[in-house]
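Values reported hereafter were calculated over all heavy atoms of this structure, with side chains retained and with hydrogens, waters and symmetry mates removed. For clarity, every value in this text was computed on a predicted model and none was experimentally measured.
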Amino acid sequence: MKQVNYAKESKDSVKMSSPIKTILDYILNSFTIAEIEIRKLKHDPTELLTRAVQPVLWLLIFGQAFSRIRAIPTGNVNYQTFMAPGILAQSMMFISIFYGLSIIWDKDQGILQKLIAMPVPRAAFVTGKAFGAGVRAISQVIIILFLAFLLRLDIKWSILNIVMSILTIVLGAAFFSSLSMALAAIVKSRERFMGIGQVITMPLFFASNAIYPIQIMPHWLQIVARINPLSYVVELLRGYLINGSVSQAGISWMILISATVIIQIISAILYPHIVT
């Protein structure tokens with residue numbers, strides 16, 4: 001009787017630990033894929049600097065010019081300070097949205113076929129690569145904040161605000177890189193992907209609150225901005241780096257996390273089709 005009870009308890013414990021083991025395996029597999037992506041970055045660190053050129057030009061030239069003419073109402077905040085979080089979000093998006101290009105490149109080189117043959121869930125591939133994109137985007141946080149320090153912008157330099165800004169950038173990078181991978185699985189060629197990437201990046205950027213407040217937009221554009229995930233990234237960054245706190249931060253985080261989970265599921269479903 002004791003042996004029967006012991007066997008039953010063991011069986012129940014296996015059932016209880018199975019979901020936990022699945023989650024742990026998923027996390028470990030994701031970190032394995034992320035490590036591969038980070039190693040790629042170590043072989044070509046110059047990419048980080050070349051990616052930083054455009055946001056630096058935006059902040060230095062566009063920011064200083066519009067700060068002088070005061071054409072955009074930003075309250076008591078200097079315009080260059082106001083746009084710094086927006087340019088940081090823009091830099092993150094530009095890095096992440098073209099992340100699918102590396103997937104197509106891996107496919108053309110025959111690397112992706114070997115990766116897909118690994119005993120790793122497809123969702124872990126997407127999450128791992130999204131985390132790799134987040135690490136790349138963190139480098140932009142360092143560069144932009146260093147430039148903001150040199151320009152003496154009115155940034156809230158607290159450890160908590162910087163950490164929360166980094167987490168925001170990582171989550172934003174996860175969303176846009178997952179979107180990029182879904183697009184790569186659909187178009188399957190570098191030329192088409194580059195065309196689509198160029199088409200969607202600038203509208204996403206200008207239809208957000210990155211360089212001007214939503215309140216001054218026409219009504220139809222305000223609606224677009226409210227459903228644009230980039231707007232919530234900028235809102236969080238602007239709250240942490242300029243205001244010191246974010247009003248309705250919970251809603252912004254919930255929207256970003258929900259959007260990221262949904263697009264990751266879609267990407268995981270589409271991911272194997274890139275090699276077909």
Side-chain angles (χ1 to χ4, degrees), residues 34 38 41 48-49 51-52 54-60 62-64 66-67 72-97 130-177 204-205 208-216 225-226 228-261:
I38 294 170
L41 186 61
L48 298 179
L49 296 177
R51 292 284 188 182
Q54 186 174 6
V56 168
L57 291 177
W58 270 91
L59 197 57
L60 284 176
F62 189 86
Q64 286 194 347
F66 274 73
S67 292
I72 299 175
T74 57
N76 297 325
V77 179
N78 174 270
Y79 181 71
Q80 200 170 19
T81 301
F82 174 85
M83 75 177 299
I87 298 304
L88 176 55
Q90 177 216 41
S91 178
M92 172 275 297
M93 182 184 68
F94 280 16
I95 286 176
S96 305
I97 206 70
F131 183 74
V135 172
R136 290 171 183 254
I138 289 174
S139 64
Q140 303 302 297
V141 177
I142 297 171
I143 293 171
I144 298 298
L145 290 183
F146 179 70
L147 182 61
F149 176 76
L150 293 180
L151 294 173
R152 297 182 179 180
L153 301 184
D154 189 16
I155 300 294
K156 304 295 183 183
W157 299 104
S158 73
I159 295 176
L160 179 61
N161 289 335
I162 299 299
V163 169
M164 293 304 297
S165 298
I166 290 174
L167 291 176
T168 303
I169 286 295
V170 170
L171 182 59
F175 172 82
F176 286 107
S177 60
L204 281 172
F205 175 56
S208 72
N209 55 352
I211 55 176
Y212 33 66
I214 291 180
Q215 291 77 12
I216 69 171
R226 291 297 181 188
N228 184 355
L230 187 65
S231 295
Y232 295 95
V233 175
V234 175
E235 186 174 339
L236 288 170
L237 290 175
R238 193 163 282 146
Y240 293 129
L241 295 176
I242 297 178
N243 301 327
S245 62
V246 185
S247 60
Q248 298 182 333
I251 296 176
S252 297
W253 278 104
M254 184 179 65
I255 291 173
L256 279 178
I257 292 172
S258 301
T260 303
V261 170

Check your understanding: Would a distance-only check, ignoring hydrogens and angles, find a side-chain to backbone donor-acceptor pair under 3.5 Å from Ser231 to Ala225?
Key -> yes

**Study point:** From Arg152 atom CZ to Asn78 atom CG, the distance as rounded to the nearest 0.5 Å
**Key:** 14.0 Å

Practice item. List for me each residue that meets side-chain contact (heavy atoms from CB on, under 4.5 Å) alongside Ile251, sequence neighbours excluded, and say none if there are none. Key: Gln248, Ile255

Study note, to complete from the structure: One should read off an interatomic distance between Ile144 CD1 and Ile142 CD1, to the nearest 0.5 angstrom, of 11.5 Å

**Study point:** By side-chain contact (heavy atoms from CB on, under 4.5 Å) - contacts of Ala259 (at least two apart)
**Key:** Phe175

Check your understanding: Which value, rounded to the nearest 0.5 Å, describes the distance between Leu241 atom CG and Leu145 atom CG?
Key -> 6.0 Å

Review point. Which pair of heavy atoms, one from Ser208 and one from Leu230, lies closest together, and at what distance?
Key: OG-CD2, 3.7 Å

Practice item. Could you list the residues that satisfy ring-ring contact (aromatic ring centres under 6.0 Å, His included) with Phe149, not counting sequence neighbours? Key: none

Review point. For Trp253, which residues count as a ring-ring contact (aromatic ring centres under 6.0 Å, His included) partner, sequence neighbours excluded?
Key: none

Review point. Looking at residues at least two apart in the chain, or sitting in another chain, which of them share a ring-ring contact (aromatic ring centres under 6.0 Å, His included) with Phe94?
Key: none

Check your understanding: Are the side chain of Arg238 and the backbone N or O of Ala210 linked by a donor-acceptor pair below 3.5 Å?
Key -> yes

Point to revise | Tyr79 side-chain N/O to Ile211 backbone N/O, donor-acceptor pair under 3.5 Å | key: yes

Indicate every side-chain donor-acceptor pair of residues 157-174 with a distance under 3.5 Å to a residue at least two apart or in another chain.
residue: Trp157; atom: NE1; partner: Ile155; partner atom: O; Å: 3.3
residue: Ser158; atom: OG; partner: Asn161; partner atom: N; Å: 3.2
residue: Ser158; atom: OG; partner: Asn161; partner atom: ND2; Å: 2.8
residue: Asn161; atom: ND2; partner: Tyr240; partner atom: O; Å: 3.3
residue: Ser165; atom: OG; partner: Asn161; partner atom: O; Å: 2.7
residue: Thr168; atom: OG1; partner: Met164; partner atom: O; Å: 2.8

Exercise for review: Rounded to the nearest 0.5 Å, what's the gap from CG on Asn209 to CG on Leu237? Could you check?
Suggested key: 10.0 Å

Practice item. State, with a plain yes or no, whether a side-chain heavy atom of Thr81 is found less than 4.5 Å away from one of Ile242. Key: yes

Check your understanding: Considering residues at least two apart in sequence or located in another chain, which fulfil the side-chain contact (heavy atoms from CB on, under 4.5 Å) criterion with Leu204?
Key -> Met93, Phe176, Asn228

Check your understanding: What distance separates Phe82 CZ from Ile87 CD1, expressed to the nearest 0.5 Å?
Key -> 10.5 Å

**Study point:** Minimum heavy-atom distance Met83-Trp58, with the two atoms named
**Key:** CE-O, 4.0 Å

Practice item. Starting at CG of Asn243, measure out to CD of Glu235 and round the result to the nearest 0.5 Å. Key: 10.0 Å

**Study point:** side-chain contact (heavy atoms from CB on, under 4.5 Å) partners of Phe131, counting only residues at least two apart
**Key:** Phe31, Ala34, Val135

Exercise for review: Check side chain to side chain donor-acceptor pair (under 3.5 Å) between Ser91 and all other residues, then give those that pass, not counting sequence neighbours.
Suggested key: Gln140

Revision key, fill the gap. Note: Leu59 and Ala84 closest approach over all heavy atoms is CD1-CA, 3.9 Å

**Study point:** Taking every non-hydrogen atom, the tightest pair across Leu88 and Val141
**Key:** CD1-CA, 3.6 Å

